[in-house]
Amino acid sequence: MGSDLLDKGYEPHDVEHRWYEFWEANDLFSAEDQGPRRGYALVIPPPNVTGVLHMGHALNNTLQDILCRYRRLKGDNVLWMPGTDHAGIATQNVVERKLAQEGTDRHALGRERFIAQVWQWREKYGSAIINQLKRLGASCDWKRERFTMDEGLSRAVRKVFVELYHQGLIYRGNYIINWCHRCHTALADLEVEHAEIDGNLYHIRYPFADGSGGITIATTRPETMLGDTAVAVNPADERYHGITATAVILPLVNREIPIIRDAYVDMSFGTGGLKVTPAHDPNDFEIGRRHNLPSIKAIGDDGRMTGEAGRFAGLDRFECRKSVVQELQETGRLEKIEPYRHSVGHCYRCKTVIEPNLSRQWFVRAKPLAEKAIAAVKQGETRIIPEIWANTYFDWLENIRDWCISRQIWWGHQIPAWTCEDCGELVVAMQAPPDCPKCGGAHLVQEEDVLDTWFSSALWPFSTMGWPEQTPLLKTFYPTAVLVTGFDILFFWVARMMMMGLHFMGAVPFRDVYVHALVRDEEGQKMSKSKGNVIDPLDIIERYGTDAFRFTLAAFAAQGRDVKMSEKRVEGYRHFINKLWNAARFALMHLDRRYDPVKLDELCLADRWILSRLNRVSLEMAQALDTYRFNDAAAALYGFVWHEFCDWYLEAVKPALHGKLAPAARERSLGVLWRVLHDTLILLHPFIPFVTEEIWHKLPGTDGSIMRAAFPGEAAAAAPPPPDPEAEARMGLLIDVVSGIRNIRGETGISPALNLDAVVHPADDAAKAVIEQYRDMIVTLARLRSITVTDSAERPKASATAVARGATIHVLLEGIVDFAKERERMEKELGKLAKDFASIAKKLQNQDFLAKAPAEVVTKVMDQQRELLGRQQKIQSNLDKIREYGSAS
RNA sequence: GGGCGGAUAGCUCAGUCGGGAGAGCGUCGGCCUUACAAGCCGAAGGUCGCAGGUUCGAUCCCUGUUCCGCCUACCA
């Protein structure tokens, strides 16, 4: 009591800053490279260095932090490896935009100076998201923070590239890839987002070269005809069996191109004629290879038409489409235009329409790597949770195609390959070779392209731990315990980490993958800037405090269901934080030291009960977190703190604490109160770290940070008393009796200020003993003036009755209450019972049920029937008496 | 085109052996009871999407169906 008294309401702001600094200053997030404790590691899904914290990050990192803090309390050596990735395209875009504002561009600067600028940008702004994670309370081992472009991680990237190349798993070649004209780079198939678009289907007539007729083809991209090198029909298509022409004249260009026959062509589509543009369509590319067709690149890498497009050269591709259509119309080659809805690829970074484009790129041969990644999950070396995602994972890996890893940008890991200008030899090596190993020439030029950012993040679980060195860190923490991530990067990242981890470490990168849901808005819509429904996590934190926000996220993080976020929900959990705060405030008015371990046999019922419940809740919570059921853990704690600890326990022991009972009773209850608060804070700490740390320091007898505390039942902690079913049952009886009286009071509209007289008739001796022993508790909690325990089943005159498990309660209402109301109440109660009774009776009348249902189920139902019947009879007889009384009065 | 998920109280959602439907919020009624009005006490509210089937018994298992959402796919 005294100076340490808590404020009336919890104010998160100062508290959060103060304790985060304290944790960092005291090195409480640090893992030990090695040691006797069990290693438990997570690697953070590295946010883009350009990123700002959004709801997805908040959920993802809150869940990870809960696991980390929980495992620390359990005694593990926890490593949460933080960092960011260099986000090649995104970061380059940001810096290019900045240059544009300054009236220059990267080409004017040149590669080296541009990259220097990006590094500068990173120095200045790159830690924004890290600081935001700290606001969230993330207990990452910040001293180990990594960046995918760090020297160590870059060495790992080069090593992986070189080895895969020499193993034949990386190759270079001319293929159709996805080209973003705005970002000016190739993209992997995964990086293309498909969206349905209302376009047109243009039907164009290609005349036969011999003048005997023509073929009509249909296309959604008429401008690509400038690069056509054939027209194809299906060999089985009878419509084209009679034709003698072997070539057509390409309209506008007047180039003669062959008519070929290929089974790929769908006879049912349009006229069955297909224009073939090997340089601008993946299928056409394959057809071209089968028929040795030339490839003509009509659209350049800058999105403008090339010299191959003749008079259209230099036009933007979409401008060109208009011109081509217009000219086809004018020359009568355009048969019709029909509206056509089809799926079009867009760049996942800038949403520009992707153009399939022929170019020379580097690829990872994915199949052999994928096979190992599939097997590891099939054999259970890595578990995917919830399991439903395993199917998605298998499906993608089983149909995986080679991965285009080269990007035509500057910011990233430059590909460690050199070409000899003298003899053309390609050298792939960790370092720049001094001269050509083949011809000895000194003119080696490094490949200009850089690697896909995902190539480096695929190595994250081991590159961050010092690989290719065999570090103690790797030994202690690889494979990591769990990867926590959203399903949106299951393929981008998780599958690729699996492939690389298995290939280079010979072991899976993580034992578990916990896949969580998306955070949506209140209406279930995906949050997006264009919809204007984005909720900024930092705003929420500012307004409601980090703890309330984290608890909300955890409480809604049910497996397989998206999290719908709204301020109102956070507000609700802020009330919970405040409730805890005030419970602690109350406790601290009485607690003034550390209390000795409790002696069970001396305790009162409420004390024994709350300890038993505490024990069960700690088990429940541990089990829930061990199986990634965050919402179950949160709900168990919420219910325990509010509805058991606050609503019943604190109220029950108030008389003792206020000194209304013997001093010894006060001491015993203080000991239990201390213990329960102490342990409850520990249980809550993973979810709401700040407020628990704050209260922890106010609680007498605690030592240092709550982060260093031991989970109830762990070696360093005092073992909690075992569950006590007897205490739970007895307390349940008292709760029922009190609730029965409160119900009468509420339903009949008696003022809470009025102290009532009650007569209780226990069902048996055991119940009688409990009620007599704890009559004071009933008096206090039910606000009675007196309580009489009687063996008589006789109902006192002018009373209202409640039937609890194990006791009948009469509240004397002479002159207090309107008996019409009381009669109504009893009739309602009777109606409810009748409904329940009917369903049970129906069951018991069913011979099949009696014959076929398991014996214990039948017994149970019969017990239920007996109990219902008893209640029904008591209420009925009371009702009869009320009717008498009512008519008499 | 293929695949997956959801549909339970006014709202958001739990419900993992098939055995009397739960929580939070909201609503209604009553309370400033010396931790908390960000609170306390009480209450109302559900054909568990629809139609079949299996079963003694179905929110749960099976089949079909409707609506919503998502992922995937090279049909011009």
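Proteins get letters first, then strands, A, B, ... in listed order; numbering begins at 1 in each. Nothing here was measured: the structure is a model prediction, and the numbers come from that model.
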J.: State the CG-NE2 distance between A/Asp189 and A/His194, to the nearest 0.5 angstrom.
T.: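 NE2 of A/His194 is found 8.0 Å from CG of A/Asp189.
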
J.: Taking atom P of B/rG39 as reference, at what distance in whole Å does atom CG of A/Asn582 sit?
T.: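 Spelled out: CG on A/Asn582 to P on B/rG39 is 10 Å.
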
J.: Going 5' to 3' through nucleotides 17-31 of chain B, assign each nucleotide B (protein heavy atom under 4.0 Å from a base atom), S (under 4.0 Å only from sugar-phosphate atoms) or - (no protein heavy atom that close).
T.: --BB---SS----SS

J.: Is A/Glu286 touching bases, backbone alone, or none of the nucleic acid, heavy atoms closer than 4.0 Å?
T.: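 A/Glu286: no heavy atom of the nucleic acid under 4.0 Å.
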
J.: To the nearest 0.5 Å, how far apart are CG in A/Leu657 and CG in A/Leu650?
T.: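 Going from the CG atom of A/Leu657 to the CG atom of A/Leu650 covers 8.0 Å.
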
J.: Output the distance between atom CH2 (A/Trp389) and atom CZ (A/Phe487), rounded to the nearest 0.5 Å.
T.: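 Output value for this atom pair is 4.5 Å.
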
J.: For the C1' atoms, the ones on B/rG6 and on B/rU12, what distance do you get once it is rounded to whole angstrom?
T.: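 It works out to 14 Å between them.
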
J.: Please report the distance, rounded to the nearest Å, between NZ in A/Lys832 and P in B/rG45.
T.: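 It is 8 Å, rounded to the nearest whole Å.
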
J.: In what stems does RNA chain B take part, counting only runs of at least 3 consecutive Watson-Crick or G-U pairs whose two distances fall under 3.5 Å?
T.: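 Only these stems qualify: B:1-7 with B:66-72, B:10-13 with B:22-25, B:27-31 with B:39-43, B:49-53 with B:61-65.
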
J.: Got a sec, which pairs hit side chain to side chain donor-acceptor pair (under 3.5 Å) with one end in residues 839-863 of chain A, sequence neighbours left out?
T.: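 Counting only pairs at least two positions apart or across chains, the side chain to side chain donor-acceptor pair (under 3.5 Å) contacts touching residues 839-863 of chain A are A/Asp863-A/Arg866.
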
J.: Centre-to-centre under 6.0 Å for A/Phe492 and A/Tyr348, is that the case here?
T.: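 They qualify: ring centres under 6.0 Å apart.
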
J.: On a whole-Å scale, what distance lies between the P atoms belonging to B/rC67 and B/rG20?
T.: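 That atom pair is separated by 34 Å.
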
J.: So what does A/Asp266 hit on the nucleic acid, given a heavy-atom distance under 4.0 Å: a base, only sugar-phosphate, or nothing?
T.: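 Base, at least one base heavy atom under 4.0 Å.
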
J.: Quick check for you: among B/rC36, B/rA35, B/rG42, whose closest atom lies nearest to any side-chain atom of A/Lys8?
T.: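 For the A/Lys8 side chain, the nearest candidate turns out to be B/rC36.
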
J.: Hey, is A/Asp281 close enough to A/Arg221 for a salt bridge, meaning N to O under 4.0 Å?
T.: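 A/Arg221 and A/Asp281: salt-bridged.
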
J.: Is a salt bridge present between A/Glu651 and A/Lys654, judged by a nitrogen-to-oxygen distance below 4.0 Å?
T.: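 Yes, A/Glu651 and A/Lys654 are salt-bridged.
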
J.: C1' atom, B/rU54 versus B/rA14: distance in rounded Å?
T.: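 Looking at atom C1' only, B/rU54 and B/rA14 are 27 Å apart.
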
J.: Roughly how many Å apart are B/rG57 and B/rG19, using the C1' atom of each and rounding to a whole number?
T.: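 So the two C1' atoms sit 7 Å from each other.
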
J.: Which is true for A/Asp488 with a 4.0 Å heavy-atom rule: it touches a base, it touches only sugar-phosphate, or it touches nothing?
T.: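 Touches nothing.
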
J.: How long is the line joining CG of A/Asn357 and C1' of B/rC74, in whole Å?
T.: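 It works out to 16 Å between those atoms.
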
J.: Step through it carefully: locate the ring centre of A/Tyr573, locate the ring centre of A/Phe687, and say whether they are under 6.0 Å apart.
T.: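 Judged by ring-centre distance (under 6.0 Å), A/Tyr573 and A/Phe687 do not meet the cut-off.
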
J.: Does A/Ile177 reach the side chain of A/Asn357, with side-chain heavy atoms less than 4.5 Å apart?
T.: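 With C-beta onward as the side chain, the pair touches.
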
J.: What integer distance in Å separates A/Arg745:CZ from B/rC40:C1'?
T.: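 It works out to 13 Å between those atoms.
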
J.: Distance check: side-chain N/O of A/Lys654 vs OP1/OP2 of B/rA35, anything under 4.0 Å?
T.: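 For B/rA35, OP1/OP2 do have a side-chain N/O of A/Lys654 under 4.0 Å.
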
J.: At 4.0 Å (heavy atoms only), tell me whether A/Ile176 reaches a base, stays on the sugar-phosphate, or touches nothing.
T.: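 Since no nucleic acid heavy atom lies under 4.0 Å of A/Ile176, the category is nothing.
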
J.: With heavy atoms under 4.0 Å as the rule, sort A/Tyr340 into base, sugar-phosphate or nothing.
T.: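 Here A/Tyr340 touches the backbone only, sparing every base.
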
J.: For B/rC48 and B/rG5, measure between their P atoms and round to the nearest Å.
T.: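 These two P atoms come out 22 Å apart once rounded.
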
J.: Sticking with atom P, work out how far B/rG10 lies from B/rU47, rounded to a whole angstrom.
T.: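 Straight-line distance between the two P atoms is 8 Å.
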
J.: So does A/Leu190 get a backbone contact from the side chain of A/Trp403, meaning a donor-acceptor N/O pair under 3.5 Å?
T.: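 Answer holds: no.
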
J.: Quote, to the nearest angstrom, the C1' distance that separates B/rA44 from B/rA9.
T.: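 The answer is 11 Å between these two C1' atoms.
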
J.: With the side chain of A/Ser343 defined as its heavy atoms from C-beta on, choose the nearest nucleotide among B/rC56, B/rA73, B/rA35.
T.: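 The answer is B/rA73, which lies nearest to the side chain.
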
J.: Considering only side-chain heavy atoms of A/His194, which listed nucleotide, B/rA35, B/rU72, B/rC74, is closest?
T.: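 Looking only at heavy atoms from C-beta outward on A/His194, the closest nucleotide is B/rC74.
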
J.: Quick one: A/Leu844 CG to B/rC56 P, roughly how many Å, whole number?
T.: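 Answer to the nearest Å: 17 Å.
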
J.: Across the strands shown, which category fits A/Arg783 at heavy-atom distances under 4.0 angstrom: base, sugar-phosphate, nothing?
T.: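 If one applies the 4.0 Å heavy-atom cut-off, A/Arg783 turns out to touch a base.
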
J.: Nearest 0.5 Å, please: how far is CD1 in A/Ile259 from CD1 in A/Ile215?
T.: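 Result: 4.5 Å between the selected atoms.
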
J.: Between B/rG39, B/rC56, B/rA14, which one does the side chain of A/Asn631 approach most closely?
T.: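 Selected nucleotide (nearest to the side chain): B/rA14.
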
J.: Rounding to an integer number of Å, can you tell me how far A/Arg221 CZ sits from B/rC75 C1'?
T.: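 Value for this atom pair: 13 Å.
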
J.: What integer distance in Å separates A/His590:NE2 from B/rC36:P?
T.: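 My rounded result for the distance is 12 Å.
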
J.: Could you check which of B/rA35, B/rC4, B/rU12 has an atom nearest any side-chain atom of A/Phe556?
T.: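 Selected nucleotide (nearest to the side chain): B/rU12.
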
J.: Checking contacts here: which listed nucleotide (B/rG5, B/rC56, B/rC41) is nearest the side-chain heavy atoms of A/Asp848?
T.: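 Looking only at side-chain atoms, A/Asp848 lies closest to B/rC56.
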
J.: So which one's nearest nucleotide on RNA chain B is more toward 5', A/Phe645 or A/Lys275?
T.: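 Result of the comparison: A/Phe645.
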
J.: For a quick check of understanding: with a heavy-atom distance under 4.0 Å over all strands, which category does A/Asn283 fall into, base, sugar-phosphate or nothing?
T.: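 Base, at least one base heavy atom under 4.0 Å.
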
J.: Would you tell me if any nitrogen or oxygen in the side chain of A/Lys579 comes within less than 4.0 Å of OP1 or OP2 on B/rC40?
T.: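 The answer is yes; a side-chain N or O of A/Lys579 sits under 4.0 Å from OP1 or OP2.
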
J.: Between A/Pro282 and A/Trp389, which has a closest nucleotide on RNA chain B that is more 5'?
T.: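 Mapping each residue to its closest nucleotide by heavy atoms, the 5'-most match is A/Trp389.
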
J.: Within the modelled atom types, does a donor on one side and an acceptor on the other bring the side chain of A/Glu747 and the base of B/rA44 under 3.5 Å apart?
T.: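 For A/Glu747, whose side chain was compared with the base of B/rA44, there is no donor-acceptor pair (under 3.5 Å).
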
J.: Return the value, rounded to whole Å, for the distance between atom CG of A/Asp189 and atom P of B/rC71.
T.: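 In whole Å, B/rC71 P and A/Asp189 CG are 17 Å from each other.
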
J.: Say you pick atom C1' in B/rU72 and the same atom in B/rU55; how far apart are they, in whole Å?
T.: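 Between the two C1' atoms, the distance is 38 Å.
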
J.: Would you say the side-chain atoms of A/Thr627 pair up with the backbone N or O of A/Ala624, donor to acceptor, closer than 3.5 Å?
T.: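 Yes.
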
J.: Quick check for you: among B/rA35, B/rC36, B/rC71, whose closest atom lies nearest to any side-chain atom of A/Phe586?
T.: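 Closest of the options to the side chain of A/Phe586: B/rA35.
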
